[in-house]
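For reference, the structure is listed below as structure tokens.
Residue numbering restarts at 1 for every chain, and letters A, B, ... go by the order of the sequence lines.
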2 protein chains.
Amino acid sequence: MTTTAPHTRAWQDVLAHIEQRLLDGSLLPGDHLPSERTLAADLGVGRSSVREALRVLEVLGLLRTHTGSGPESGAIIIARPSGGMSSLMRLQVAAQGFRVEDVVSTRLILETAVAGQLAEAVAGDRMPDLLPALEILDAMEVAPQPAEPPTPTEFLALDAQFHFSLAMATGNEVIAATMSGLRSSIESYSTAGVANLESWAATSARLMGEHRAIIAAIESGDPGAARASVEGHITQYYAEAGFGRPEHPFTPKGPHHG
Amino acid sequence: MTTTAPHTRAWQDVLAHIEQRLLDGSLLPGDHLPSERTLAADLGVGRSSVREALRVLEVLGLLRTHTGSGPESGAIIIARPSGGMSSLMRLQVAAQGFRVEDVVSTRLILETAVAGQLAEAVAGDRMPDLLPALEILDAMEVAPQPAEPPTPTEFLALDAQFHFSLAMATGNEVIAATMSGLRSSIESYSTAGVANLESWAATSARLMGEHRAIIAAIESGDPGAARASVEGHITQYYAEAGFGRPEHPFTPKGPHHG
DNA sequence: CAGACCATGTGGTATGACCACAGGTTACCT
DNA sequence: AGGTAACCTGTGGTCATACCACATGGTCTG
């Protein structure tokens, strides 16, 4: 649309070619891509250009590569958006393109919507599958033995899995992947924030209780309660950890990049 | 955590190095990266590996490159998440990692939240800047001259800009970028759906009226009305265009990838 | 002083040469 | 005949080199 670049770069041609093959169905998840050398010869570009395109696709979560020979080797189409989302958002936060408070705010919107949808599903007699989420809760609650240190990092990882599994329970992979990316983009802040807590033991215990409350609200089919419980759960942790979103969105926050 | 790969690939090292420099602030938006040859020498890798990492960063919207010499040349750090979001989501839809109905559903969540937040801001006397959105509406309404064809593609592009500008009005760039990605990932469906409409003239006229209604609801400070107007706006178009989301999220949708 | 010229350094690309790896095949020994 | 070791082949991963097009800035020339 820009009409400025008559001269697309070689790796973009490769990318476009693969995208086209994905769109027309000649390349499906699980399929092997031609070898790098073959692809280069077919498209009339150098192997390095092919590799640059494949690297992009790999980071975006569209393919995986294995060396060696056999059915597992080569580049295989997959579709795992979470990894790409995580890379993208993590780097954007690092480069100050995303503000942490905006990430938190967005997460809040999506998570409350997820909880609300699940509760509505229960109310509408379309019972979502909450089993994976419950299994994660069980795992969280057996891990912190009184004798052992609570290992906040592991706990937070399970917490992330719990929220992710709720999103997956809605069947909406877009939300799930986005949440996963949002989460990992501020992961370092979450773990660093543990130091700001008065008592990790108390906080983790509270979090576990809140998880059960979220599930209970969903299972009761009360969307409002489900939304509220999720909102409180997330907001309070970030507040305690010391990097909650500002009380009002889009109050002036100052420039962040030119 | 996987402990499986003791042997990170060279381009990942480059990526990690740049990410680290972003995190510690030694690389800020607007800064130049060292030249590819220098970077390769400094990190002890080949130039092609550096280029693979830079390609990833470029697609992710983290940097732009220019040939030649002078202050504009080389690789410069930027932070434009929209482009990366668009590439990621577009390709994930192409590879069947994202279902179109999930994209629509997610867009609905974010857009209604945006409208709601803006209305709440008005109600709370924190007037958001709706001027950019209004200017786009003006542009939309002068474009379709009766003498000229309505040019649906241009109209839809302006429509996308309108919704994007609403997201930007909240100040939340995460939402704005995500919405931009969602939108572009199903852009081809949107334009193709025009053919399913009974009358483009009628639909476009309705859409323009709904845009004004959305603005009015926001300016009246009524979050519920704002949310409802956005929901109706989006839902109805997709329904008319023939690829709306199913009436209920997470009803069985069939397998999409193994 | 103005304009043409070229030296320099940038990204963009292609090519060739290796390496490690993993599976399949073959040959060999028991 | 069976099992096992060797090797052959093709994969991605990496590097080095050699170009190209390009844009700037300095220099030379009129």
Can you figure out which of [options] approaches the side chain of [X] most closely?
| X | options | result |
| --- | --- | --- |
| A/Ser69 | C/dT10, D/dG10, D/dG12 | D/dG10 |
| A/Trp11 | D/dT14, C/dT13, C/dG11 | C/dT13 |
| B/Arg37 | D/dT14, C/dC18, C/dG11 | C/dG11 |
| B/Glu36 | C/dG12, C/dC18, C/dT10 | C/dG12 |

Looking at every strand, decide which applies to [X] at a 4.0 Å heavy-atom threshold: base, sugar-phosphate, or nothing.
| X | answer |
| --- | --- |
| A/Ser48 | base |
| B/Arg64 | nothing |
| B/Gly68 | base |

* To do: May I ask you to test the B/Phe155-B/Trp200 pair for a side-chain heavy-atom distance under 4.5 Å?
  => yes
* **Close side-chain approach of B/Leu118 and B/Leu166, heavy atoms under 4.5 Å** => yes
Looking only at side-chain N and O atoms, does [X] come under 4.0 Å of OP1 or OP2 in [N]?
| X | N | answer |
| --- | --- | --- |
| B/Arg9 | D/dT14 | no |
| A/Thr65 | D/dG13 | yes |
| A/Ser49 | C/dA14 | yes |
| B/Arg51 | C/dG12 | yes |

* B/Arg90 and B/Glu187: CA distance, side-chain angles, deciding distance, salt bridge (charged side-chain N to carboxylate O under 4.0 Å, His left out) verdict -> CA-CA 9 Å; B/Arg90 188 165 37 81; B/Glu187 189 178 27; over 6 Å; no
* Would B/Glu52 and B/Arg55 count as a salt bridge (charged side-chain N to carboxylate O under 4.0 Å, His left out) if you check the C-alpha gap in whole Å, the side-chain angles of each, and the deciding distance to 0.1 Å? -> CA-CA 5 Å; B/Glu52 289 179 20; B/Arg55 215 74 309 123; over 6 Å; no
* Asked: Ignoring hydrogens and geometry, is there a side-chain-to-backbone donor-acceptor pair from B/Gln92 to A/Leu60 under 3.5 Å?
  -> yes
* When you match B/Arg55 and A/Thr67 each to their closest nucleotide on DNA chain C, which lands nearer the 5' end? -> B/Arg55
* Structure fact -> Angle separating the five-pair end axes of the helix from C/dC1-D/dG30 to C/dT30-D/dA1, nearest 10°, is 30°
* **Stepwise salt bridge (charged side-chain N to carboxylate O under 4.0 Å, His left out) check, B/Asp102 with B/Arg107** => CA-CA 8 Å; B/Asp102 288 348; B/Arg107 189 188 159 204; over 6 Å; no
* **Spacing of B/His66 atom NE2 relative to D/dA21 atom P, expressed in whole Å** => 19 Å
